[in-house]
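These notes concern the structure reproduced below.
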Amino acid sequence: HEKVDLKMIIAKYNDKEYYAFNEILIGNNISDWIYFDIIDKDGIIGEFKGGGVIFATPQGSTGINKSAGGVILPLMSKDWVVTGIL
């Protein structure tokens with residue numbers, strides 16, 4: 001059997017930290033239209049405008065992310081998926 005290191009997401013939003021094993025969903029209420037910058041440890045990745053956004057680890061990429069049209073990552077991937085919801 002091969003050992004798999006599972007990833008965790010730590011997100012900071014409105015001065016609060018959130019921890020997740022699979023994914024974090026921000027927004028997605030019918031009345032939401034949000035604007036924010038997506039920033040990693042190296043700086044701004046880009047601006048986001050929309051109804052919501054999903055940040056998913058490889059193990060979380062097959063859930064809400066897939067339903068929203070996001071890509072599925074191999075479990076061994078070091079990448080994350082960021083999928084916008086309009």
Side-chain angles (χ1 to χ4, degrees):
H1 297 283
E2 188 173 340
K3 178 183 173 189
V4 176
D5 291 323
L6 300 177
K7 312 296 184 275
M8 289 219 30
I9 294 176
I10 303 169
K12 193 180 243 183
Y13 180 69
N14 287 340
D15 294 324
K16 292 183 181 178
E17 285 191 355
Y18 299 89
Y19 299 85
F21 179 72
N22 288 333
E23 71 271 319
I24 290 178
L25 170 62
I26 299 172
N28 200 33
N29 292 320
I30 196 152
S31 62
D32 283 345
W33 191 255
I34 54 179
Y35 303 87
F36 60 91
D37 293 328
I38 298 174
I39 302 170
D40 71 1
K41 63 181 171 62
D42 297 322
I44 294 178
I45 295 173
E47 293 180 350
F48 177 81
K49 299 174 191 173
V53 66
I54 301 164
F55 298 90
T57 61
Q59 67 267 13
S61 67
T62 59
I64 295 170
N65 172 67
K66 180 181 176 223
S67 296
V71 298
I72 296 174
L73 296 174
L75 193 55
M76 300 300 289
S77 176
K78 295 181 188 264
D79 295 325
W80 289 6
V81 177
V82 179
T83 303
I85 301 171
L86 297 175

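Residue numbers count from 1 along this sequence.
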If I compare all heavy atoms of [X] with all of [Y], which pair ends up nearest, and what's the gap?
X: Phe55; Y: Val82; answer: CD2-CG2, 3.7 Å
X: Ile34; Y: Ile26; answer: CD1-O, 3.9 Å
X: Pro74; Y: Pro58; answer: O-CB, 3.4 Å
X: Thr57; Y: Phe21; answer: OG1-O, 3.1 Å
X: Lys49; Y: Tyr35; answer: CG-CD2, 3.2 Å
X: Trp80; Y: Met8; answer: CZ2-O, 3.6 Å

Mind checking the [atom1]-[atom2] spacing from [X] to [Y]? Nearest 0.5 Å is all I need.
X: Leu25; Y: Thr83; atom1: CG; atom2: OG1; result: 10.5 Å
X: Ile85; Y: Phe48; atom1: CD1; atom2: CZ; result: 7.5 Å
X: Lys66; Y: Leu73; atom1: NZ; atom2: CG; result: 13.5 Å

Would you indicate whether the side-chain heavy atoms of Glu23 and Asn65 approach each other to under 4.5 Å?
->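 Sidechains of Glu23 and Asn65: no contact.
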
Within a reach of under 6.0 Å around CD of Glu47, are more than 12 heavy atoms found that belong to other residues, nucleotides or ligands?
->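 No - once you tally the heavy atoms of other residues, nucleotides and ligands closer than 6.0 Å, there are 12 at most.
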
